[in-house]
Every structure is written in C-alpha cells, then in structure tokens.
Amino acid sequence: MTSVDIIVQQLINGLSLGSMYALLALGFTLVYGIAELINFAHFNVFMVGSMVGLLTLQAFGLVGQETVLTGLPLVGVLLAGFAMSMGVCGLIGMSIERFLLRPLAAVKGPAAMITTIGVSYVLFNAVLLTLGSDSKNFPNPIPPVSWAIGGAVLRVREVAIWVISLALMGALTYFVSYTKLGRAMRATAQDPDAARMMGVDVDRVIMTAFFVGGALAGACGMIFGLYYNLAKVDIGFGAGLRAFTAAVLGGIGNVPGAMVGGVLIGLIEAFAGQTIGAAWADVVIFSLLVLVLVFQPAGLLGRLAPNKS
Amino acid sequence: MISRRTTIKSLLLSATVIAGAGGFAGKAEAADKVLKVGINLSFTGADAENAARIGNGATLAFDEANAKHEVPGYTFQLVKYDDATPTAGQYDPAQAATNARSMISDRATVAAIGPQMSGAGKAMAPILSQGDLAIITPASTNPDITDPKFAAQYRPAGKAIYFRTVATDAYQGPNMANYMADTLKVKSVYVLDDTGAYGVGLADAFQAQAEKKGVKILGRDKLDPKAVDYSSILTKIKAMNPDAIYYGGVNQAGVKVAKQGYDIMPNVIKAGGDGMQSADLLKGAGFPAVEGWYATVASPHFDEAGDAKAKAFGEAYFKKFNQHPDDYTVTCYTGAEVIIQAVKDLVKAKKPIDRSSMREAIQHVDLKNTLVGPVEFDGNGDLKNKVISVFRITKNDKAPLDDPTAQYKYIGTAPMS
C-alpha cells in the first residue's frame, strides 16, 4: 500500500464510522431541538436496536457469516431487519416521552434528564439479563463483494452503509423541511407556545421527535451490526458518547450540524489510529470538542433555531 | 437496621453456598469426616462456558474419589464460588476477593481450586496467603502471582500458596515466538494487547523472545477492549505488510480483532495465547473469521485416544457430562488429584489435616503419572514440568462449529526457549 492508498483506505474507514455516528447524533439533536432535553436513554435504545436486528435476522434462519443472500431475499431480509429495529426503537423512544417525560413536563430542573439516564440503565440491564453479556455473532447476508481502488479496498457493505445512511438523512431532511408535520416540528422548536396558539398539536410533535430519534437509533443499531458483525450489550456507551459529542460539536439542535459532526469524528478516529495510535483518538476528539466549545460555544454550525429562554 | 440487613444477607449467602455445594458434590458417608474444597471460577458472564468445562474436571475427580473411598474416613465436598458479576459481565476482582474471604472464614475448607482468570488470582492470592489456604489454579497463567519478585504483594505471609497445574505466560508467549520463527518462518510481526493484566504480560513476553529470535517487531499497540472499531489500526498494520500479528488478550477485544482482522488482512498469520482458545471466540466471531488462528494452551494437550488412563478419563467424563473435556478440564482434574494425594500423604504420615498441613503436603506432592505428566511444584508454586501446546482453528463441519474441542486442531508442542 502506498501512502495515497492508506489515506484512501482510512477515508473509507472514517466515512463508514462517521455515517454511523451521524445517524446516532441526529437522534440527540432532534430531541434536543424540540424538547431541549438530552436524551441519555438514546445510548441504549441504539443497543436495543442492534439486538432487535440480530433477533430478526436470526428469525430468518441466518447464522453468523455462513449464509449469503442476493437479490430479492437479501432486500427482503434487510428491509425486515430495519423495519423491526426501527419500529421497536421508535416505539421505545415514543413510550419514554409519553409515559415518563410528559408527566414530568411541569417539573423544573434536571428531573427529566435523570429519568432518561434511569431508562438507559433499565434497557441495559434488561438486555443483560435476557440475552447475556457475551459477544454475539451478528449475521451478515450481504455478499462479500469488494473493489480495489489502487491498493485500498472498498467493500459492498461500506457502500451499503453509506447509501442507507444518506437515504435516511435525506428522508429526515425532507420530512423536517417539506412536510406539514416537519413544519410543525420546526415551529415547535422555535417557540412552542406560539406554535400551540397557531393550532400545532405540540404534544404530538414532541412525541414524533422521540419516535423519529428512536427509529434512527434503531437503524443505526442495525447498520452497526451489519458492519461489525457484532452485537453486544455494552456497545451503547462508546458509540453513544461519540455520537453525543458529534451532536454538540456540530451544534446541538442543528440537523446538518449533527451530520457534519458525526462524519468529522469518524474521520478523526480513523486518522488518529493511523498516525498517533488508536488509544489517542479520544484525546484528539475531546480536545477538539473543548476547543470548539470555548471558541464557538454554539458548535461548528451553530443552532439554527433561536434560543428559547 | 444495618445489622439486620447484614444478617439477612449473610443468611442468604450461606444458603446459596450450601445449595451450590449440594448440587456439586457427592453425599458424605455418615461416619466420614467432610473435607471442604472451595472452587472459584467465573461461572457466569462472558467466560461461563469455559468455567463449566473446567469445573467439571474437579467434580469428576472428587466424585470418583468419594465413590471409591479413595481416602478411608474422609469425604470431599466441593463448594462452588462464582467470581463473575452481572455489572462486569465477566470476572470481577472485587468479587474474587470476597470469595477468598468466604473460603477463609469457613474452617472446614482445607484447600481450594481456581481461579480461571489471572486478574481474579491477583485479588485472591494475598487474602489466601494470610489465611494459609492453598489454592491450585487450573487456568490462570500470569507469571507475576508466583514470581518471587512480587512475593510481598501476592504472598505476604511468606509461603507459596498459589500452585499451578499449568505453565505460565512467561513460557506461553516466548514459546509461541519460537514456534513462529522456527516453524512458520515468520520474519516480521505486529504485536497487540488488550491492556489487561494477562494480555500485556503475554504480549511483552512474546515480543521480547521474538526480538531475540530475529523477528522484526513492526510495532506494538494497545486496544481498548470496550472500543468497537479497530479498522484504522488494522489498516495501518496491513500497510506494513507483516508476516504475522500476535494478540495478547482475552475474548472481549479478541472477538473484534478476529472479525475485523479477517476483513482487512485475511492472509496474514494470526496468533494469540490461551485467551484465544475458547468457545466464546468461536461463538462471537465465528467462521470464516476465526479460521486459521493459532492459539496456545499452557498445558500438554489431552489426547483421548492416548494411554489407558486417558481413555478411562475421557470415557468417564463423556458419560457424566456428555461432552469432551478441554485441556483445562484436565488441568483442573489434576489439581483435584493433587489435593486428594495431599490428604492421602497426610493420613499415611498420621498428621492432622488442616490448612497449613495441607499447604505443606501440596507443596511436596510428587505425582509421577497424571494426565498432564509428572506433577511437582517448585518453591514458588509453579509446575516444574512446563509444556506449551499449539493449536490452529481448522473448520470441522462434522462437529458443532462452536465446540472448541473439535474446531481447535492440535499441532504440537511449542519449542522451549
């Protein structure tokens, strides 16, 4: 491998990692934008998503890397996997809002945030007790096709991850920008009281934000499993913390900001591993976060919505 | 309030211990004196399956001894201790320390078996030393625990109490380096570890010997076992075109090294220690990712088709547990044999059987013909006869793909330094 090949390969690695962080960061940013709340349960909603994906694929009889599908069965199985993980995680997100956070709406202070931390633990331990703590071999039915770009290798699963992530981000952008519910969301983000007066069902909008955030976490869990062929009860914290950092880095509450932040952190992680050692990646990422917060407190792209008091 | 809770807790605890013991050992003869032997392994969590296979060795040995009245007047009773906790998801040194204290506080416990993990051993050894309770480990290989350099830390009371029926990583790493250089003709290697006590020690020992053998060390990196993505570090290694990579560590990072290593550089020779010899690796990473990995075990490989004793053991084991024994099942069985022999020696010499006489007797046990060869301990508790076996994962379609006794193919012993 020449140094150009290495750079290309690390770009591929970083972009794959980054697109996962971006999807996960969107969930944080979406909920924060609407409800002004950091949803710490998001970490483990993501983990539950990968477990649901695992169980769904196993229900189709896929075990490990043994079975490879093509054509219609492949698309069908993947669609089912994504539908299940996104659906279940969306419902979990929605239930968190409806049953745990809404009753706390009138309570000032950090009660709501602490509730989400509690939910995170409940999810973690529920999976731990039912599925155990061992590494699970996540099935990957995508054929092991790859292309050589010079000395670098681009695998079909990386392309699949980019395409799926871009599609989901595109769909989200379209939803927020061009649909009626999306417009209601933006209105609620700007000023919930005014939105309510204009006839927006604010409760429904908030619940939608939690559903969409959860569904994105579920999709991300599924993508994570397909990419690493791995599902494990403790994956939520590491990936979730990076994704949260990505959301803050890009400007929390800002949808394009979360995407930029996610991809940026993925690239930093890849190139830090190449140059100064994998153990230093976190040092670089969090130093950058501190610097950005000192000099640009609103994040790289800033908050698009005006601040609420 | 606090005192009541403590009482309830200790009641519950003793109830579990009794329940565990009841399920694990044979019934005592009415007139026999009961000798308790504690067994501490990681019975739950990530290494549970290995723990069960190891523990079965001791169960079989004591059940046989009790059935045959091998030591007239005495019955052995195994008391099970689990050092894994749900929060750790694997062994927890704090739990191991608690277990060591429980063993000490039961006066009827005269010897112990375990632990599986070196990290647990480091936590238990100082406590057992103070209590003068000898423990025989069938699987923990970190050399520090028995190294006289660290005597003040791991045996503060002075005498050796940590005995092994396995060799240590001071041989496991270097011997694999010899095997790589001599047999696999490896010229360059990249070394990885998982930052754990076992992994770092193993990788260091490997690296030092590899250098001595003239193998070029291309680099050394530490992997955070909780991180998920090793692709960037593996890409960096791939670009250096190594003949081989060596990974010192256990499953948690090992599963990911195997998976991503296969994706990124399928044709590079990959090797690890006994941490990479497990059912959990086969389950977590699976074929084709694990195919071709080399792993070592710090004991002679048990051959079921070997001599009469081996055959008898293999048959008895299969009859009782309906599976084939691991090599560390055999070292555990041997550990139990050592304890039984120590009791026999004491009875013969008409000495009382207590912890300190047991420690002394274990120290001087001299078994010529066990399943792992001659068993004698040096003054630190290490096995005198050290053998490192090399295995290679080779897919065997006829057996379950997560059965380590079928999927790890025995290659031979690794050359001594």
Side-chain angles (χ1 to χ4, degrees), chain A residues 1-3 5-10 12-14 16-17 20-21 63-66 124-125 128-129 132-140 144 146 151-153 155 157-158 224 227-235 237-239 242 266-275 277-279 281-282, chain B residues 44-49 84-90 192 195 219-241 251-256 258-260 262-266 278-291 395 397 401-402:
Chain A
M1 285 175 100
T2 64
S3 44
D5 294 337
I6 296 174
I7 291 174
V8 172
Q9 188 70 63
Q10 296 292 20
I12 294 172
N13 293 342
S16 308
L17 204 51
M20 277 182 268
Y21 291 152
V63 179
Q65 271 66 65
E66 302 284 310
F124 180 90
N125 284 293
L128 184 68
L129 290 173
S133 63
D134 53 328
S135 306
K136 309 216 184 309
N137 197 357
F138 198 100
N140 183 6
S146 60
V153 179
R155 288 170 299 157
R157 77 167 78 153
E158 275 139 5
F224 181 97
Y227 187 63
Y228 293 113
N229 304 330
L230 176 82
K232 195 159 187 276
V233 70
D234 62 3
I235 56 171
F237 188 72
R242 300 260 165 90
L267 290 174
I268 292 174
E269 204 175 320
F271 283 97
Q274 173 68 40
T275 51
D282 278 345
Chain B
T44 54
D47 306 289
E49 187 152 343
T85 58
T87 16
Q90 55 174 3
L192 295 166
T195 70
R220 168 79 181 264
D221 252 302
K222 293 189 175 305
L223 300 170
D224 172 3
K226 293 225 163 184
V228 172
D229 190 276
Y230 301 147
S231 62
S232 90
I233 177 73
L234 291 170
T235 299
K236 173 176 134 188
I237 298 173
K238 182 193 177 189
M240 295 176 172
N241 272 324
N251 269 320
Q252 196 170 23
V255 166
K256 292 168 265 188
K259 276 175 191 291
Q260 295 172 30
Y262 172 75
D263 282 342
I264 291 169
M265 38 184 165
S278 71
D280 303 283
L281 177 74
L282 295 175
K283 265 193 196 138
F287 289 97
V290 296
E291 177 82 48
K395 193 172 179 182
D397 278 320
L401 292 178
D402 55 7

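When reading the values below, keep in mind they use all heavy atoms of this one structure, side chains included, and skip hydrogens, waters and symmetry mates. Predicted model only: the values in this text are computed from it and were never measured.
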Heavy-atom closest pair, residues [X] and [Y]:
X        : Y        : value
A/Tyr228 : B/Lys259 : O-CD, 3.2 Å
A/Glu269 : B/Ser232 : O-OG, 3.7 Å
A/Ile6   : B/Ala239 : CD1-CB, 3.3 Å

Crowding at CZ, A/Phe237 (>12 non-hydrogen neighbours, <6.0 Å):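 Not buried by this count: 12 neighbours or fewer within 6.0 Å.
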
Over 12 non-hydrogen atoms of neighbours within 6.0 angstrom of NZ in B/Lys395: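 Counting other residues, nucleotides and ligands, NZ of B/Lys395 exceeds 12 neighbours.
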
Please identify each residue that fulfils salt bridge (Lys or Arg N to Asp or Glu O under 4.0 Å) with A/Lys232, with sequence neighbours left out.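 Here the qualifying residues are A/Asp234.
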
So, do B/Lys238 and A/Val153 sit near enough that their side-chain heavy atoms are less than 4.5 Å apart?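 In contact.
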
Side chain / backbone / both / neither for A/Phe271 at chain B, heavy atoms under 4.5 Å: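 Nothing of A/Phe271, per the 4.5 Å heavy-atom cut-off to chain B.
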
Let me know if A/Arg155 has heavy atoms under 4.5 Å from chain B in its side chain, its backbone, both or neither.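 The answer is the side chain of A/Arg155.
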
Select, from A/Asp282, A/Asn229, A/Asp134, A/Asn125, the one with the greatest count of heavy-atom pairs under 4.5 Å involving chain B.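 Winner by heavy-atom pair count: A/Asn229.
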
Mind ranking B/Leu234, B/Leu401, B/Thr235, B/Thr44 by heavy-atom pairs under 4.5 Å with chain A and telling me who comes out on top?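 When all of B/Leu234, B/Leu401, B/Thr235, B/Thr44 are compared, B/Thr235 has the most.
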
Shorter than 4.5 Å, heavy atoms on both sides: which option in B/Ile233, B/Asp229, B/Val255 has the most such pairs with chain A?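 Max contact count across the listed options: B/Asp229.
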
Within this structure, what is the CD1-CG distance for the pair B/Ile264 and A/Asn13, rounded to the nearest 0.5 Å?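 Answer for the CD1-CG pair, B/Ile264 versus A/Asn13, is 5.5 Å.
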
When rounded to the nearest 0.5 angstrom, what distance separates CD in A/Gln274 from CD1 in B/Ile237?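 Those atoms lie 10.0 Å apart.
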
